[in-house]
Amino acid sequence: MEVTIFEPSAFTLSVAAVGKVKTLMQQEDNENLKLRVFVTGGGCSGFEYGFTFDEDVAEDDSQINTDGAGLLIDSLSYQYLVGSVIDYREDLQGSRFIVTNPNAASTCGCGSSFSI
């Protein structure tokens, strides 16, 4: 009998987020692009999510790869985002990456800021 070892991920990229990251990598013709998710102070709830595409990996970054799509999280943001799911949505509010964060005690109405 073969034993399968499961290693839980501290972060999850949804299928939609993986697809969008890979699409943008192809559009920019740059296989080194990764989605960087970070937390800054501000927003109506105290902390705000930020997203950018980056090809530079800092020494203190955590890097997660899912089906060819890379995710970067800096060491300061890591503690606020651990366990989060990063998703991508296109709807009436526009197209955007969204964080479902189990550490957030409350979020604002638009979902772009949170408090711990």
Side-chain angles (χ1 to χ4, degrees):
M1 184 166 119
E2 185 176 319
V3 176
T4 302
I5 298 173
F6 174 74
E7 292 187 34
S9 174
F11 303 92
T12 303
L13 275 174
S14 72
V15 171
V18 167
K20 187 60 177 180
V21 170
K22 290 170 84 171
T23 297
L24 291 170
M25 289 167 59
Q26 290 172 347
Q27 288 175 348
E28 294 296 319
D29 194 26
N30 186 345
E31 64 185 35
N32 295 318
L33 280 181
K34 295 163 189 59
L35 176 64
R36 180 177 292 281
V37 182
F38 56 93
V39 173
T40 60
C44 50
S45 294
F47 294 103
E48 197 166 25
Y49 300 114
F51 302 93
T52 188
F53 279 88
D54 202 343
E55 59 185 341
D56 298 324
V57 179
E59 190 173 304
D60 65 341
D61 282 342
S62 292
Q63 184 172 340
I64 294 92
N65 290 305
T66 304
D67 297 328
L71 174 67
L72 298 174
I73 301 170
D74 64 84
S75 62
L76 292 173
S77 299
Y78 187 97
Q79 63 187 327
Y80 299 110
L81 294 170
V82 69
S84 293
V85 176
I86 314 302
D87 194 11
Y88 180 77
R89 292 192 192 148
E90 292 182 8
D91 57 23
L92 293 175
Q93 294 178 343
S95 42
R96 67 205 177 280
F97 287 98
I98 295 176
V99 177
T100 302
N101 187 342
N103 304 303
S106 65
T107 61
C108 68
C110 66
S112 65
S113 68
F114 68 101
S115 65
I116 299 290

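FYI, the numbering just counts along the sequence from 1. All values derive from a computational prediction rather than experimental measurement.
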Tell me whether [Y] is reachable from [X] by hopping between hydrophobic residues (I, L, V, M, F, W, Y) whose side-chain heavy atoms are closer than 4.5 Å.
X   : Y   : result
L72 : I98 : no
V39 : F51 : yes
F38 : I86 : no
L81 : V85 : no
Y49 : L71 : yes

I need the [X] [atom1] to [Y] [atom2] distance, nearest 0.5 Å.
X   : Y   : atom1 : atom2 : answer
N32 : D56 : CG    : CG    : 9.5 Å
S62 : I73 : OG    : CD1   : 6.5 Å
T12 : I64 : OG1   : CD1   : 9.0 Å
L33 : M25 : CG    : CE    : 7.0 Å

Report yes or no: does R96 contribute a side-chain atom to a donor-acceptor pair with the main-chain N or O of G94 at less than 3.5 Å?
-> yes
Using atom types as modelled and distance alone, determine if a side-chain donor or acceptor of K20 lies under 3.5 Å from a backbone N or O of V18.
-> no
Determine the minimum heavy-atom distance between [X] and [Y], stating which atoms define it.
X    : Y   : result
R36  : A58 : NH2-N, 4.3 Å
A17  : L13 : CB-CD2, 3.8 Å
Y88  : S14 : N-OG, 3.9 Å
P102 : V82 : CG-O, 4.0 Å

Counting only heavy atoms from other residues, nucleotides and ligands, does the tally under 6.0 Å from [atom1] of [X] exceed 12?
X   : atom1 : result
E55 : CD    : yes
Q63 : CD    : yes
D29 : CG    : no

Dump the intermediate steps for salt bridge (charged side-chain N to carboxylate O under 4.0 Å, His left out) on D67 and K22, then the final yes or no.
-> CA-CA 9 Å; D67 297 328; K22 290 170 84 171; over 6 Å; no
Is there a side-chain contact between L35 and F53 (heavy atoms, below 4.5 Å)?
-> yes
Using the six-membered ring wherever Trp is involved, compare the ring planes of Y78 and F11 and label them parallel, tilted or perpendicular (cut-offs 30° and 60°).
-> perpendicular
Under the salt bridge (Lys or Arg N to Asp or Glu O under 4.0 Å) test, residues paired with D74 that sit two or more places apart = none
